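Working notes for the structure below.
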Amino acid sequence: MEALLTACQGTDSTEAPAKPKRSFYAARDLYKYRHQYPQNFKDIRYQNDLSNLRFYKNKIPFKPDGVYIEEVLNKWKGDYEKLEHNHTYIQWLFPLREQGLNFYAKELTTYEIEEFKKTKEAIRRFLLAYKMMLEFFGIKLIDKTGNVARAVNWQERFQHLNESQHNYLRITRILKSLGELGYESFKSPLVKFILHEALVENTIPNIKQSALEYFVYTIRDRRERRKLLRFAQKHYTPSENFIWGPPRKAQPEGSKAQKPPGPPTAAQQGQTSMHKKPKESKNASSAAHGVSKAAEDKKVASKEAAEETDKPRAEPGSEAAQPGEPEQDGAADDSSPRAEQTVTHPEEQKENASPSEKDEAADSQSQDAGSPGDAGAQDAAALP
C-alpha cells in the first residue's frame, strides 16, 4: 500500500489531465427520454393508479417512509442532513416514466401526466419541491420563467455539491421531471447556470462532466442544446478535450492545393491505359470499406438517427473520436473563458444500474451521472 502511495505521489503533477470519455449508455437513455420513450409498452400498467398525483394531492404518503408531501415541504425544507441522506423521497418528488432505485415509487404514465398538469394543487406543490431542492444545492428560483441565481448560502452548498457527486443524479432526475410535468422551459436556465459556475467561476468544477454528458441532453429543444454547447466550448479547458460535438471533418484529399498536371504525353497515356484497371479496383476496395464502416456505425446509432443527429459517435466506454465544435445555430454567449481542470465523469457506474438514471444510488462517488443523454456527438455542425 505504501509503495502504491509513493508511486502515485511520484507522478508528474504537470501531466495533462485525462481526456474525458462519452457514455454510450447515457446517450441512448437520454435519446429515449427526449423522444417520449418510444416503444414503451408499460404505459398502461398503472393508468388507473395515479400514485404520483395522489401523493402530490396529499392523499397518500410516499413509501416506504410514510411521509406526506405537506410534511416534506414544511418540515424537511432546510434540513440538509435529511435531504442528503434520505434516498427514497426524490423518486416521489420528481416522478419519471422510468423506474428509479425506490421500487415503491410508481412510474409516470402519459395519462397521469395530463391529469397532473390540470391539477393546480399538484403543480403548486411540485414547484415548491423544486425550490426546496434548488436551495439544497445553493440555488434560488428568481422568477416565473425559470431563471435562477446563487442563494444566500451558495458558498457552503456549492462546496457540498462539488463533493457529493450522487447529487448529480438527482439533478438529472429533476431536469427530466420538469420536462415531463410541463416545465421544459425551466431546464435551460438551470443548466446554463450550472455550466457558468463550473466552467467560468470554477465554484463547482467536479460537476462539469455530468452537466455536459447529462444535464444538457435532457433538453428537448435542439437549438437550446446547441447554445449551451457553444457556451461550454468557449470556456472549457483544455479546449482540445472538449468532446461534446461532432468530430472535426478531415479535409478531403481533392481539396488540397496541388499543381495542375500538364497535358499527358503519349507514353503517359499508354501508362494510364495500362494501369486503369488496377486503379478502379483500388477505388472499388475503398468504396467497399466505406460501406462496411457505414454499416458498423449504424449499429451504434439508433433507427431514428436519420431525423435526430444527437446520436452517440462512440461505442460504450470508448473515447470520442476527436474534439469537435457545436453547430453555429444562434448567437453564442459572450463570457470570456477561464482555465479549469478536466474531471472524469463521477457517476458512470451507478446510473447504469438501470435503463434510466438510477437517481438515488447510495452515496457512492463513482456513479454514472443521472441523466443518460444522447451523446451529443452530432448535436451541431462545426464552428468556423
Side-chain angles (χ1 to χ4, degrees), residues 56 69-86 89-95 120-208 210-212 214-216 218-219 221 224 227-228 231-232 235 333-335 338 340 359-360 369-371:
Y56 261 105
I69 181 63
E70 277 299 308
E71 182 177 347
V72 174
L73 296 176
N74 293 321
K75 296 184 178 180
W76 290 31
K77 187 176 186 296
D79 189 342
Y80 300 145
E81 286 297 314
K82 181 168 288 187
L83 293 175
E84 173 66 24
H85 297 295
N86 185 298
Y89 70 92
I90 198 75
Q91 293 88 357
W92 288 86
L93 288 188
F94 300 98
K120 292 182 179 180
E121 178 185 12
I123 288 296
R124 177 182 64 81
R125 291 190 175 115
F126 178 72
L127 288 177
L128 289 175
Y130 179 53
K131 291 179 182 179
M132 178 183 75
M133 292 307 297
L134 286 181
E135 182 185 294
F136 172 68
F137 300 134
I139 306 170
K140 65 179 179 180
L141 185 66
I142 59 177
D143 59 34
K144 294 182 179 180
T145 64
N147 289 315
V148 295
R150 290 175 174 177
V152 176
N153 60 345
W154 70 271
Q155 288 178 305
E156 170 200 344
R157 300 314 302 164
F158 280 12
Q159 181 178 353
H160 175 78
L161 183 59
N162 195 52
E163 297 168 355
S164 60
Q165 297 170 0
H166 76 97
N167 280 307
Y168 306 166
L169 300 173
R170 291 174 167 180
I171 293 174
T172 297
R173 170 172 279 270
I174 289 169
L175 288 165
K176 283 182 169 184
S177 191
L178 285 170
E180 295 286 50
L181 296 176
Y183 288 89
E184 178 72 24
S185 62
F186 277 34
K187 290 152 69 170
S188 188
L190 177 59
V191 175
K192 175 71 175 292
F193 175 83
I194 291 172
L195 287 172
H196 180 83
E197 291 293 341
L199 300 175
V200 181
E201 301 297 336
N202 202 33
T203 51
I204 39 177
N206 290 343
I207 205 172
K208 66 181 180 180
S210 295
L212 287 165
Y214 293 92
F215 304 170
V216 168
T218 66
I219 296 170
D221 188 300
E224 287 299 316
K227 288 178 184 178
L228 292 169
F231 174 80
H235 304 291
D333 300 303
D334 284 6
S335 310
R338 178 182 292 187
E340 181 180 15
D359 236 319
E360 278 317 297
S371 225

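Here the structure is a predicted model, which means the values were calculated and not measured.
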Can you tell me how far apart [atom1] ([X]) and [atom2] ([Y]) are? Round to the nearest 0.5 Å.
X	Y	atom1	atom2	value
D79	H85	CG	NE2	10.0 Å
I139	I171	CD1	CD1	6.5 Å
L128	R125	CG	CZ	9.0 Å
Y80	S164	OH	OG	13.0 Å
I90	I174	CD1	CD1	4.5 Å
F186	N147	CZ	CG	9.0 Å

For this session: Return yes if a side-chain donor-acceptor contact under 3.5 Å exists between E135 and N153, otherwise no.
Result: no
Exercise. If you measure only the distance, is there a donor-acceptor pair under 3.5 Å linking the side chains of E201 and H235?
Worked result: no
For this session: Specify whether F126 and Y183 have parallel, tilted or perpendicular ring planes, treating 30° as the upper limit for parallel and 60° as the lower limit for perpendicular.
Result: tilted
For this session: Measure up the W76 and Y89 rings against each other and bin them: parallel (under 30°), tilted (30 to 60°), perpendicular (over 60°).
Result: perpendicular
Problem set entry | Partner of I194 by side-chain contact (heavy atoms from CB on, under 4.5 Å), out of I207, L228, L175, V216 | I207
Minimum side-chain heavy-atom gap [X]-[Y] below 4.5 Å:
X	Y	answer
L190	Y130	yes
H166	E84	yes
E224	K187	no
N206	L161	no
S185	T145	no
F193	E197	yes
F94	E180	no
H160	N167	yes

Exercise. Ignoring hydrogens and geometry, is there a side-chain-to-backbone donor-acceptor pair from N86 to K82 under 3.5 Å?
Worked result: no
Exercise. Under 3.5 Å, side chain of R157 to main-chain N/O of F137, donor-acceptor pair present?
Worked result: no
For this session: Answer yes or no: is there an ion pair linking R124 with E121, defined by an N-O contact shorter than 4.0 Å?
Result: no
Exercise. So I204 and Y168, side-chain contact (heavy atoms from CB on, under 4.5 Å) or not? Walk me through it.
Worked result: CA-CA 11 Å; I204 39 177; Y168 306 166; 5.8 Å; no
Taking all heavy atoms of [X] and all of [Y], pick out the closest pair and write down the distance.
X	Y	value
G146	P189	O-CB, 3.4 Å
L83	R170	O-NH1, 2.8 Å
S188	I219	CA-CD1, 3.8 Å
V72	M132	O-SD, 3.7 Å

